[in-house]
2 protein chains.
Amino acid sequence: MDEIARLAEVSKPTVSRALSDSPLVNPATKQHVLAVAKAHGYAVNRNAQNLRNKRTNTIAVSLDFLSHKKNHISDPFIFDLLAGVSEALGELNQDLLLCAPIHNDTDAFQQILSSKVADGFIVLGQGHREQMLGDFARGGAPLVVWGAGTDETPYCVIGSDNFAGGQLAGKYFLEKGRSRFLFAGDTTYREISLRRAGLQQAADDSERSISIHDLAASQFSFESAFDLANNYLQTIDEPPDAIFAFSDTAAMAFIRAFRDHGISVPEDVSVVGYNDIPSAAYFSPPITTIRQDPYQAGRLLVSNLVNMLEGIAPVSAKIKTELIVRET
Amino acid sequence: MDEIARLAEVSKPTVSRALSDSPLVNPATKQHVLAVAKAHGYAVNRNAQNLRNKRTNTIAVSLDFLSHKKNHISDPFIFDLLAGVSEALGELNQDLLLCAPIHNDTDAFQQILSSKVADGFIVLGQGHREQMLGDFARGGAPLVVWGAGTDETPYCVIGSDNFAGGQLAGKYFLEKGRSRFLFAGDTTYREISLRRAGLQQAADDSERSISIHDLAASQFSFESAFDLANNYLQTIDEPPDAIFAFSDTAAMAFIRAFRDHGISVPEDVSVVGYNDIPSAAYFSPPITTIRQDPYQAGRLLVSNLVNMLEGIAPVSAKIKTELIVRET
DNA sequence: AAATGCATTTCAATCGATTTTTGAAATGCA
DNA sequence: TGCATTTCAAAAATCGATTGAAATGCATTT
């Protein structure tokens, strides 16, 4: 900046002010400085700037799904979530620091904040970390989470309206005259357990006698859901006539497994997935599913966190869910 | 750091050296300083550190696919690529700055470098930016790219061995006695055109009379591939007996479209996809495809870029491809 | 007892910006 | 012409670390 000041024949503070569009500098001078800076390809050193300003304009995004392990979610819907976050941040001139799973514990999070690498956190997928995230938030960390919470959750949560999603699936099954439901999903995740509760609610609201069987899908991949379905089919006498799966991927796996066992979809069993990933519409049979809008959710995460950093209280929100009826 | 120095009753430089595990400080002193720092939750300010060191330990990753637009690739294989990059960087204590598509031009790239936000670039998917990336690299920017290059490409390229992949598909078709090939993919992308060339080579190497028809899939989504396939089927008299699609997703779309038109797969037409995404194995019919190892490729991108930053010349590499034979 | 060598530690300058304070020139008004 | 204001630019302090040079302390050698 000294160099630019010399070339523009002004002082360093004037260059600084010109570049940050301060009203304290004469418009003519400003133009001149900007031209000189551009001509010499000068860009403000962000480290010095951040050091002085005590602000980084960087948001850390924890993507727990990003893992090589079998257990990773590869649902494209995560992509849309990340796309929403990324684009919204870009528009606000905020940088996005992507945190590997390896760094996803309290100490690592705290470290990022105290070493002034990022100003706040967006956590995509709270998983089983509600306790740790709660502690972190109560400790004053700017934090916004994609997931599901309760009235007591001490941080801002944006998530699908899982309960409503569960109800939609339940009502759909009831319309189809189904009565032996299978819920496939790991209810130790709050998101999933809310869907289960919604399904239950729909069943309870009907005057009919409905059974709900639970099958804990502990992993997220196609493979594991397929294995789970096959193992399940070995153990039962009478198959369910409706399946609500925690994801479209899992729904596909279940459909494949059931068909392999001579159980036809949708004649013998109705199936509802979750997320409405693109291939759900092109699977055979095309899958009935619950759609949400992850891109908008991503944007909402950003606006809430940015508000929080400016001292405006963020507001948790549930994203609308919609039943997309296809052939299953 | 002054504060920690005072509390530990040593000087600031000693604290700095203790924290960076310098041999210039007495082991006992070091222990003491570390303990004090830990007790007070102190972390070195990365902005000050980077400013002084003129190094950020941050790598910018340009993910061109990450876009809300219809044209985005949502193949999970990108996830594995990103996972490999992310984990390898994590192990090297490097941070990952994710660049939104909005920032993907030369100026923005140069800006990131000159404002000392990141030390180098990993570009996932060169797309049609070979010229700009070439200029950038020739300008001295540390840069490693996932894609395909030529002998003249001035930057390090890691990519699938697309030519070999194309050959594998071609040989497979020949074994099946096919002779009217359809190549579905946008050959303006070098990766895709290499696959096309590999397919051609396989055809030429045989003594048989083989036709290859080209169908330019300009977008990457399931939907657009499905539309493309349907439009194509309207215009032709005699359908092909083999389809090599640029992705598994596109292969699925083609299979659906062909089946809808009463053309059976694999009886009437063989299909080979690319990437071996998890659902390829569970689609009906399970898809024959070309597998690569994007996770390892991601790691290789990182090691090459890190080498480059240390002054060691990176080496471009082609990732082995493998034909996974399933039912199509 | 003085000199030498070595291991530690401290001092002071530096990285590149921002901001408060200060100062000089220009303007307005009596 | 003289004094009070207003504009604009410059000086200097600051953010929080790192590092080469200088200083200190202690053991060993002569």
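A quick note: this is a predicted structure, and the numbers were derived from the prediction, not measured. Throughout, a chain's letter reflects where its sequence line sits, starting with A, and its residues are numbered from 1.
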Nearest non-hydrogen partners of B/A137 and B/L143, listed with the distance: CB-CD2, 3.7 Å
Listed nucleotide nearest any side-chain atom of A/M1, set C/dT8, D/dA10, C/dA17: C/dA17
Short side-chain N/O contact from A/S11 to OP1 or OP2 of D/dA11, under 4.0 Å: no
Between D/dA9 (C1') and A/K30 (NZ): distance, integer Å: 14 Å
Nearest non-hydrogen partners of A/A148 and A/E191, listed with the distance: CB-CG, 3.9 Å
From CG (B/L97) to OG1 (B/T56), nearest 0.5 Å: 9.0 Å
DNA chain C base-pair string [pairs: Watson-Crick or G-U under 3.5 Å; |: paired with another strand]: ||||||||||||||||||||||||||||||
Nucleotide of C/dT8, C/dT10, D/dA17 approaching B/P27 most closely (side-chain heavy atoms): C/dT8
Aromatic ring pairing B/H128/B/Y189, orientation class (parallel under 30°, perpendicular over 60°, tilted between): parallel
Candidate nucleotides C/dT10, C/dG16, D/dG16, ranked by approach to the side chain of A/K54 - the nearest: D/dG16
Euclidean distance, atom CD of residue A/Q49 to atom C1' of C/dC15 [Å, nearest integer]: 15 Å
Whole-Å distance separating the CD atom of A/E3 from the P atom of C/dA17: 11 Å
Shortest non-hydrogen contact between A/D293 and A/I319, atoms and distance: N-CG2, 4.0 Å
Proximity of A/Y155 and A/F136 rings by center, below 6.0 Å: no
Protein-nucleic acid N or O pairs under 3.5 Å, nucleotides 19-22 of chain D:
from: D/dG20; atom 1: O6; to: B/R17; atom 2: NH2; distance (Å): 3.1

Side chain of B/L51 (C-beta onward), nearest among D/dA10, C/dG16, C/dA17: C/dG16
Which nucleotide in C/dG16, D/dG16, D/dA9 has an atom nearest any side-chain atom of B/A48: D/dG16
Audit row: A/L98, B/V61, side-chain contact (heavy atoms from CB on, under 4.5 Å) steps and yes/no: CA-CA 10 Å; A/L98 194 67; B/V61 173; over 6 Å; no
